[in-house]
Amino acid sequence: MKTIAAGVDIGSTTAKCVLITDGTVLFGPILLTGANPTKAGEQALEDTLSKLNSPPERRYVVATGYGRVTAPFADETVTEISCHGRGAHYLYPDTRTVIDIGGQDSKAISLGDDGRVIDFVLNDKCAAGTGRFLEFASRLVLEVQLSELGDLSTKANKPAQISSTCTVFALTEIVSLLAEGTSKENIVAGLHNAIAQRVAAMVKKVGARPAIMITGGVAKNIGLRSALARELGAEVNPPHNADPQLVGALGAAIVAKERLDKA
Ligand code: ADP
């Protein structure tokens, strides 16, 4: 009997799915969550299942992410904190600190040797340390693609100072900097530094023990990763063997596999 362990991560911005079958990990697509988180999660699951040669006879689905509470297709829900921890530990067992920066929140998680969560800090109240801030700045003000921010900031020669700690005021500050003729490279580098300072302060609360893994969509931004490494005085790496945005879904799939193995 073919059994499938599925992890579905329904985030504020994207829905992701990872399957584990016969010891093989199958990474699914990254879909926009949009206005219907349930549908997005279901779609991510269906799209990933469609990659299999034949439908599973038995499946166990663990949902995580902010949309997990509205996932009727799931057998169980698990917090993103646990799932990012489990996923990071699986990909790199030496991981002791996970920094997850998603669309609408950021978290710092401290892990034990076995990948269990020892401590965590979560910021879901303020957009300034999240991907949404970068989305607003790139799309509304700077008119550059989100995926270009990292490379752009590596070309900065004098990163701008962005002092506002509130997204709305920071965006106003960026508009003023542009009007003064500050280059986009220097503005983006300043933006990354401002976010990194906020996230680093949060990470220090859980200890910032190495190895430090960064997960979530924002982990794809090399400029932010470098700024964070400078702030923490430590290496901050995304997983070398998986998409950082899929680590939460992977963790959920690992939990699902454990349930199937115990059944
Ligand atoms: P959530 O799980 O909360 O939905 P994700 O982990 O999917 O969030 O991350 C979404 C965020 O990732 C977006 O807000 C965006 O800032 C960032 N992001 C996604 N893709 C990229 C990319 N290619 N380069 C830089 N940032 C990215």
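For reference, positions follow the sequence shown, starting with 1. FYI, side chains are in, hydrogens and waters are out, and symmetry mates aren't considered; it's all heavy atoms of this structure. Remember, predicted model here, so these are calculated numbers, not experimental data. Each ligand, and each atom within it, is numbered from 1 in the order the structure gives.
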Quiz item: Nearest protein heavy atom to atom 24 (N) of ligand 1, by residue and atom, and its distance?
Solution: S147 CA, 3.7 Å
Quiz item: Looking at V218, which atoms of ligand 1 are within less than 4.0 Å of one of its heavy atoms?
Solution: 12 (O), 16 (O), 17 (C)
Quiz item: Less than 3.5 Å between some nitrogen or oxygen of Q245 and one of ligand 1, yes or no?
Solution: yes
Quiz item: Any N/O of K220 closer than 3.5 Å to an N/O of ligand 1?
Solution: no
Practice problem: Looking only at distances, please establish whether an N/O atom of ligand 1 is found under 3.5 Å from an N/O atom of T33. | Solution: no
Self-check item: Shortest non-hydrogen separation from K2 to T21 and the atoms involved
Solution: CE-OG1, 3.9 Å
Quiz item: Among side-chain atoms of D105 and N123, is any donor-acceptor pair under 3.5 angstrom?
Solution: no
Quiz item: Where is the nearest protein heavy atom to atom 2 (O) of ligand 1: which residue, which atom, and how far?
Solution: K16 NZ, 2.8 Å
Exercise. Indicate yes or no for a side-chain donor-acceptor contact from K16 to the backbone of T14 under 3.5 Å, with no hydrogens or angles considered.
Key: yes
Self-check item: Protein contact of atom 15 (C) of ligand 1 - nearest heavy atom, named by residue and atom, plus distance
Solution: L146 CD2, 3.3 Å
Exercise. Could you check which of G103, A219, G217 puts a non-hydrogen atom nearest to atom 18 (N) of ligand 1?
Key: G217
Quiz item: Any N/O of T14 closer than 3.5 Å to an N/O of ligand 1?
Solution: yes
Quiz item: Within the distance-only criterion (no hydrogens, no angle test), does the side chain of S138 pair as donor or acceptor with the backbone N or O of L134 below 3.5 angstrom?
Solution: yes
Self-check item: Numbering as shown, the atoms of ligand 1 that approach G11 to under 4.0 Å (heavy-atom distance)
Solution: 1 (P), 2 (O), 4 (O)
Quiz prompt | Top protein contact for atom 13 (C) of ligand 1, by heavy-atom distance | solution = E135 OE2, 3.1 Å
Practice problem: Determine yes or no for a side-chain-to-main-chain donor-acceptor pair under 3.5 angstrom, with R68 supplying the side chain and G65 the backbone. | Solution: yes
